[in-house]
Amino acid sequence: MLRRHHSLPGLFAALLIAALALTGAFLAFDSIIDRISSTVPATGQVSVAMLAEAVQARHAEVERIVRTASGSVIAYYFEADLPGAELVDPLTGQAVGPYEPSNLTRTITNLHRSFLMGDAGRVAAGLGAAAMLVLCVSGAMLLVARLGGWFAILRPSRGTTVQRLHCELGRFALIGLTLSALTGCWMSLATFGVLPDGALAEFAPLVQPSSSERLSPGRLAALQAVDLSALRELTFPYPDNLADPYTLTTTQGIAHVDAATGQVLDFTPNGLARQVHETIIMLHTGRGLWPLALLLGLAALTAPVLAAAGGVIWWRRRAALPKIRQNIGAQSADTIILVGSEGNSTWGFAATLHAALTKAGHQVHTAPMDSLAPRYAKAERLLILTATYGDGDAPSSAQMFLQRLERTGGVIPVAVLGFGDRSFPKFCGFATQVAEVLRAKGWPVLLDTWSVDRQSAQNFAAWGKALGETIGTKLELTHAVARPRTTALELSGHVEYGAESQTPTAILSFTPPTTGGFLRRRALPRFEAGDLVGILPPGTALPRFYSLASASSDGVLEICVRKQPGGLCSSFLHELPPGGRIEAFIRPNPAFRPNRGKAPVILIGAGTGIGPLAGFIRHNTRHQPMHLYWGGRHPNSDFLYGPELRKYVEDGRLARLNTAFSRVPGGGYVQDRLAADAVTLRDLMQHGAQVLVCGGRDMAGGVARTLEAILHPLGLDLVTLKSEGRYLEDVY
């Protein structure tokens, strides 16, 4: 719901907000230029009387003198009945040159305030400011939820390049955009009289001025007592009316000054409403306070980029979801299907279930688990289909489900179906957790929790049959796993390791095939080290995933593959001849990345887990302190990336290389190397180090136990480090 409240105003008001932001940025920087070009006397250096005296010495008929918020002084006068205006040096009162308002600035100002459409445009501008305020508030809440709380608001963001750009720019511009939006809403409401602006209307002096001969402005005591810094406007009396006074507007209020005696006839101070309104104007424009204007201008420039990045994120998220036909509204459906998916494969099963139930006459609503409603008006059953991410964690479309469940009022019969790979220790771990929480909260069990191993259509069909028998509807779930869209790549490099230890492992490099026409190659899909590549072995639509050791900027797709006994995909890859082709696709894995900055990074892996870690080191051109702990079997046959890693130590991309080999005398495992380096590791963690672990689950479990013991004296634990984004795992 929060994501919807953030995306909908952004989508519908993107152009409006972009127009307001760009014109606002222009006006902010224009005010800075105006301030730089203006001379501002020190307080007490120039009085209003001195300035008025100098101006009237040049012009017999002065209409008024205005001091702008940026400090510029403008004198308006008449010469031979023709109006004129000049810029005045506030220090000397001498003319700087004619004052000619910029037509461009005037047009941009009108565009910003009303889009050149009068009151209708002012309404549109007010709605744009309101939409921006909603975006700022909802964006801040999403950012806090994404990073793990308000105390983590400065934590490095994660995600794809577009997601990180959106997050980082939003964090940078949040204060400026919120301030602009809030003050813009206030000014819009004040324009239409909803809020008071405290403006004083024209009024006659309460005390009748004398009709004696006038003194020169420089001799008027009331003007002598006002510093130029407090002046807003001084209106001169009409030349032919000796009883007409000066009207003096300052930061404190409005006064009438007798032109013959220099005495103040009356004074009307600014009320609280006027003071508040003028403060709002200053906060919105930054005029008179150039650091604020700079902040507002820079923040405004980010708005179009934020809108574009947000649109891309929304489109990608929408395009990734399958099209569910006849998807009934949530409050009209008798059956609710909620989906937890990381790579969208679970959505395919949900679509098959949705179609079968609809065909059987049910009213079905299918949505992500994160869209769980507080109550469903007509629902008779809730069906949850969810995958598990990583080590028993929630997949991307279910990360807020358990929190939303706490705020749910109604309970209906529920069935949970988990999807996963039985070779993982926490097979369907998140599905099991969801089922236990629902049972603890008193939700009736419609059907015991089932699981589907490796997208088995047979497992799914059996569950569908059991579900149909429970609800009295015959269900035949015939599901064909959709073949993902792939890119053809051909083998360009094969480096073999592990022959002596009988653990054949290869570093494989792939490039796009040539397309003819001067032997040109297609471009690689975009990816970073640590992302995953899905490879389809011949004769199956079920991909196998490998962590990437390269980025697309390297010009090759590189993976480390150990040949597994009976492994369909690993055997296929090891036997692939030079130039042989694979069908592959990229699955981003932005949650497994080293933080940027100067804090140390501890990389821990074993076997083929070296792949993405080597990729991180390869791209560490800024020489962030990286410490690698890696374990293999024998240095003569299994030292993956050995020459490259030694080179990285020499050129500074790798601060320390720590290895452990289990098949040599006195050798050990990577966790043994960690235990021996406990003092060093504690020091690194005290300096804000981040830990990234990649490799097999047994290794990762041993590393976790070792690090818990090492960090205990510091009062740190892995649960805390994970919540802070300082302990990341990519295990298999």
Side-chain angles (χ1 to χ4, degrees), residues 38-69 71-99 197-271 273-275 278:
S38 301
T39 303
V40 180
T43 301
Q45 187 174 3
V46 178
S47 68
V48 173
M50 294 169 58
L51 184 71
E53 181 79 12
V55 172
Q56 194 165 62
R58 287 195 308 280
H59 304 290
E61 187 176 349
V62 181
E63 179 191 8
R64 58 197 171 100
I65 297 174
V66 176
R67 183 180 181 273
T68 67
S72 299
V73 176
I74 306 165
Y76 296 88
Y77 59 87
F78 287 90
E79 293 286 355
D81 294 330
L82 295 176
E86 65 184 14
L87 281 171
V88 176
D89 185 338
L91 284 173
T92 64
Q94 300 303 307
V96 176
Y99 172 66
D197 63 5
L200 298 175
E202 290 278 341
F203 62 97
L206 299 178
V207 178
Q208 185 64 30
S210 61
S211 300
S212 306
E213 186 174 348
R214 294 172 179 159
L215 297 174
S216 64
R219 298 173 59 191
L220 299 179
L223 301 187
Q224 292 172 349
V226 178
D227 190 79
L228 180 59
S229 62
L231 177 67
R232 295 290 178 80
E233 182 176 311
L234 177 65
T235 302
F236 282 62
Y238 289 108
D240 299 331
N241 184 0
L242 292 178
D244 194 35
Y246 287 88
T247 301
L248 176 65
T249 304
T250 67
T251 54
Q252 286 77 39
I254 297 179
H256 289 105
V257 178
D258 193 312
T261 65
Q263 301 301 308
V264 176
L265 300 174
D266 54 39
F267 175 69
T268 304
N270 289 330
R274 189 60 187 172
Q275 295 175 32
E278 290 186 350

Peer 1: If you compare all heavy atoms of Ala230 against all heavy atoms of Val226, which two are closest, and at what distance to 0.1 Å?
Peer 2: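 Shortest heavy-atom contact: CB-CG1, 4.3 Å.
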Peer 1: Starting at OG1 of Thr261, measure out to CG of Leu215 and round the result to the nearest 0.5 Å.
Peer 2: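 Reported to 0.5 Å precision, the distance equals 7.5 Å.
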Peer 1: Identify the residue among Val264, Leu265, Asp266, Thr235 that makes a side chain to side chain contact (heavy atoms under 4.5 Å, CB included) with Pro245.
Peer 2: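 Filter result, single survivor: Leu265.
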Peer 1: Does Glu53 reach the main-chain N or O of Met50 with its side chain, forming a donor-acceptor pair under 3.5 Å?
Peer 2: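 Not a single qualifying donor-acceptor pair exists.
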Peer 1: For the residue pair Leu220 and Ala259, what are the closest heavy atoms and their distance?
Peer 2: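 Reported closest heavy-atom pair: CD2-O, 3.7 Å.
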Peer 1: Donor-acceptor pair, distance only, cut-off 3.5 Å: does the side chain of Asp258 make one with the backbone of Ser210?
Peer 2: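 Indeed, once roles are kept as given, a pair shorter than 3.5 Å links the two residues.
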Peer 1: Compare all side-chain heavy atoms of His256 with those of Phe267 and state whether any distance is below 4.5 angstrom.
Peer 2: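 No. Closest side-chain heavy atoms not under 4.5 Å.
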Peer 1: Would you say Leu87 and Val73 make side-chain contact, with heavy atoms under 4.5 Å?
Peer 2: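 No, every pair of side-chain atoms sits at 4.5 Å or beyond.
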Peer 1: State, yes or no, whether a side-chain contact exists between Pro41 and Leu228 at a heavy-atom distance under 4.5 Å.
Peer 2: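 Yes, close enough: below the 4.5 Å cut-off.
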Peer 1: What closest approach, in Å, do Phe236 and Val62 show between heavy atoms, and which atom pair accounts for it?
Peer 2: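 Taking Phe236 first and Val62 second, the nearest heavy atoms are CB-O, 3.1 Å.
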Peer 1: Hey, are the side chains of Ile65 and Ile74 touching, using non-hydrogen atoms and a 4.5 Å cut-off?
Peer 2: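 When only atoms from C-beta onward are counted, Ile74 and Ile65 do not touch, as no gap falls below 4.5 Å.
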Peer 1: Checking the side chain of Arg232 only, and the main-chain atoms of Leu248 only, is there a donor and an acceptor separated by less than 3.5 Å?
Peer 2: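 No.
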Peer 1: Could you tell me if the side chain of Pro98 sits less than 4.5 Å from the side chain of Glu86, heavy atoms only?
Peer 2: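 No, side chains not in contact.
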Peer 1: What heavy-atom pair brings Thr251 and Asn270 nearest, and what distance separates the two atoms?
Peer 2: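 Closest approach of Thr251 to Asn270: O-ND2, 3.0 Å.
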Peer 1: I want to check something: taking the side chain as every heavy atom from C-beta on, are Val257 and Gln263 in contact at a cut-off of under 4.5 Å?
Peer 2: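 A side-chain contact is absent here, since even the closest heavy-atom pair is not under 4.5 Å.
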Peer 1: Which atom pair, heavy atoms only, marks the closest approach of Ala75 to Val88?
Peer 2: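 Of all heavy-atom pairs spanning Ala75 and Val88, the closest is CB-CG2, 3.8 Å.
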Peer 1: Assess the side chains of Asp227 and Thr43: does a donor N or O sit below 3.5 Å from an acceptor N or O?
Peer 2: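 Judged by distance alone, the side chains do not pair up.
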Peer 1: With side chains defined as the heavy atoms from C-beta onward, is the minimum distance between Pro237 and Tyr246 less than 4.5 Å?
Peer 2: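 In contact.
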Peer 1: Mind telling me whether Tyr99 and Tyr76 have parallel, tilted or perpendicular rings, with 30° and 60° as the class edges?
Peer 2: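 Perpendicular, since the angle between the ring planes exceeds 60°.
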Peer 1: Looking at every non-hydrogen atom in both residues, tell me the closest pair between Ser212 and Ala260 and how far apart they are.
Peer 2: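 The answer is O-CB, 3.8 Å.
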